[in-house]
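Along the sequence shown, the residues carry numbers beginning at 1. We count ligands from 1, going down the list as the structure has it; atoms in each ligand are counted the same way.
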Amino acid sequence: MPDPLLGASAPLAPPIYPSAVYHLPDLDALDRVYDGSVPGFVYARDGHPNSARLAEKLAAKERARWAVVCSSGMGALATGCLTVLEAGDRVVASDQLYGRTNQLLRAELARFGVTTEFIDVGDLARVREALRSPAKLLVVETISNPLLRVSDVPALAEIAHAAGCRLLVDNTFASPVLFRPLDHGADFVMESLTKTIGGHSDVTLGLLAGTDEALRARAAQAASVWGQAPSPHDCWLAERSLPTLELRLKAATANATALAHHLREHPAVAHVIYPGLPGHPDYNLARRLLPDGCGTMLGLVLRDGTRPAVNRFMHAVPFCPSLGDVATTCSHPATTSHRFEDPAANARQGITDGLIRLSVGIEPLEEIRAKLDAGLGTRET
Ligand SMILES: *Cc1c(COP(=O)(O)O)cnc(C)c1O
């Protein structure tokens with residue numbers, strides 16, 4: 001319905017539609033909305049203009065057939081699982097997943113009779129072996145946290161499909177600017193919009209997108225029935241972040257690449273983890289799959305890994321256990337994401353007390369370098 005107040009004009013900035021419910025003229029109109037012959041909305045948990053427009057824009061970025069915006073990244077992952085899994089099904093997953101994803105598979109879905117085998121997905125022979133027993137879903141991350149291992153998505157898709165299994169890729173650390181899993185054979189892509197795509201730490205949202213038209217309605221139903229509806233205001237903010245996404249990602253990735261090289265030479269740093277550095281175990285794979293850069297996350301291991309040294313670093317670079325903001329922030333995997341893991345297993349993987357995870361922002365490089373140098377004790381704060 002055109003708004004008489006606006007007359008011949010239209011706002012350049014999109015409106016927010018906070019309405020929880022929609023008014024329809026009669027039953028015939030309701031039927032047409034439900035059967036999809038005219039566009040429209042009925043009840044906001046099933047869809048609203050702000051989520052619909054955001055989903056459409058993100059589907060185009062991911063080259064997806066369909067996309068569902070959910071109330072968080074975990075909501076999107078849960079929706080992906082609920083779309084394809086049933087009691088008795090088996091999942092194969094990376095053993096380096098985001099902590100809450102791990103919990104979703106290990107603790108929550110297990111209660112519904114879904115079992116998950118966690119393996120090193122960098123070992124393709126191991127993946128082939130695990131998929132010899134039937135599995136419905138293979139779950140991996142494009143770039144893992146915090147060791148930034150890169151998944152060979154095209155190879156994993158081929159192996160999964162040969163075994164009759166679908167591939168779901170959590171692409172949060174790469175974003176569609178650097179990598180589009182669906183272009184490389186994945187069946188589903190998931191993004192935490194809370195991170196880089198939102199980019200300003202002011203929304204909590206997630207995206208699930210896919211290629212199989214037959215699953216569009218299943219995914220939409222799962223999202224609605226399991227209560228994953230996103231808030232219109234958050235969708236509106238996330239939409240506002242989209243025009244700057246590529247600029248932000250490219251600037252932050254350029255900063256991260258420069259900082260990786262800078263920190264590698266730094267006397268207070270024992271080791272830098274970045275897939276764009278030749279010493280990283282996935283350097284060659286990253287060059288092939290991530291030609292536009294390896295993203296905004298990097299790990300550094302302090303020579304002095306004691307608590308006072310880590311605390312001093314955090315006084316110079318804001319500490320918050322998230323990522324993807326326009327500002328550079330840091331986190332400490334051993335006491336945040338991996339706090340409840342076995343310390344010996346953490347140490348074996350390289351998640352030590354001296355490991356700091358940096359989420360690099362878009363500030364001028366010199367500004368970030370000054371902060372890092374202050375945190376590393378080589379400049380006054
Ligand atoms: C943050 C994050 C999630 C979960 O997203 P939320 O929006 O916090 O629910 C999933 N995967 C990765 C890699 C993340 O960083």
Novice: Quick one: CZ on R357 to CG on L148, what's the gap to the nearest 0.5 Å?
Specialist: 9.0 Å
Novice: Write out each pair where an N or O from ligand 1 and one from the protein are under 3.5 Å apart, with the distance.
Specialist:
{"unit_1": "ligand 1", "atom_1": "5 (O)", "unit_2": "S192", "atom_2": "OG", "d": "3.0"}
{"unit_1": "ligand 1", "atom_1": "7 (O)", "unit_2": "G73", "atom_2": "N", "d": "2.8"}
{"unit_1": "ligand 1", "atom_1": "7 (O)", "unit_2": "S192", "atom_2": "OG", "d": "2.8"}
{"unit_1": "ligand 1", "atom_1": "7 (O)", "unit_2": "T194", "atom_2": "OG1", "d": "2.6"}
{"unit_1": "ligand 1", "atom_1": "9 (O)", "unit_2": "G73", "atom_2": "N", "d": "3.0"}
{"unit_1": "ligand 1", "atom_1": "9 (O)", "unit_2": "M74", "atom_2": "N", "d": "2.8"}
{"unit_1": "ligand 1", "atom_1": "11 (N)", "unit_2": "D170", "atom_2": "OD2", "d": "2.6"}
{"unit_1": "ligand 1", "atom_1": "15 (O)", "unit_2": "K195", "atom_2": "NZ", "d": "2.7"}

Novice: Run the ring-centre check on H332 versus F313 and record whether the distance is less than 6.0 Å.
Specialist: no
Novice: Is the shortest side-chain N to carboxylate O distance from E129 to R126 below 4.0 Å?
Specialist: yes
Novice: Using a 6.0 Å cut-off, check whether atom CZ of R264 has over 12 heavy atoms from anything other than its own residue.
Specialist: yes
Novice: Side chains of I159 and L138: does their closest heavy-atom pair fall under 4.5 Å?
Specialist: no
Novice: Check D120 with R149, please: is the shortest side-chain N to carboxylate O separation under 4.0 Å?
Specialist: no
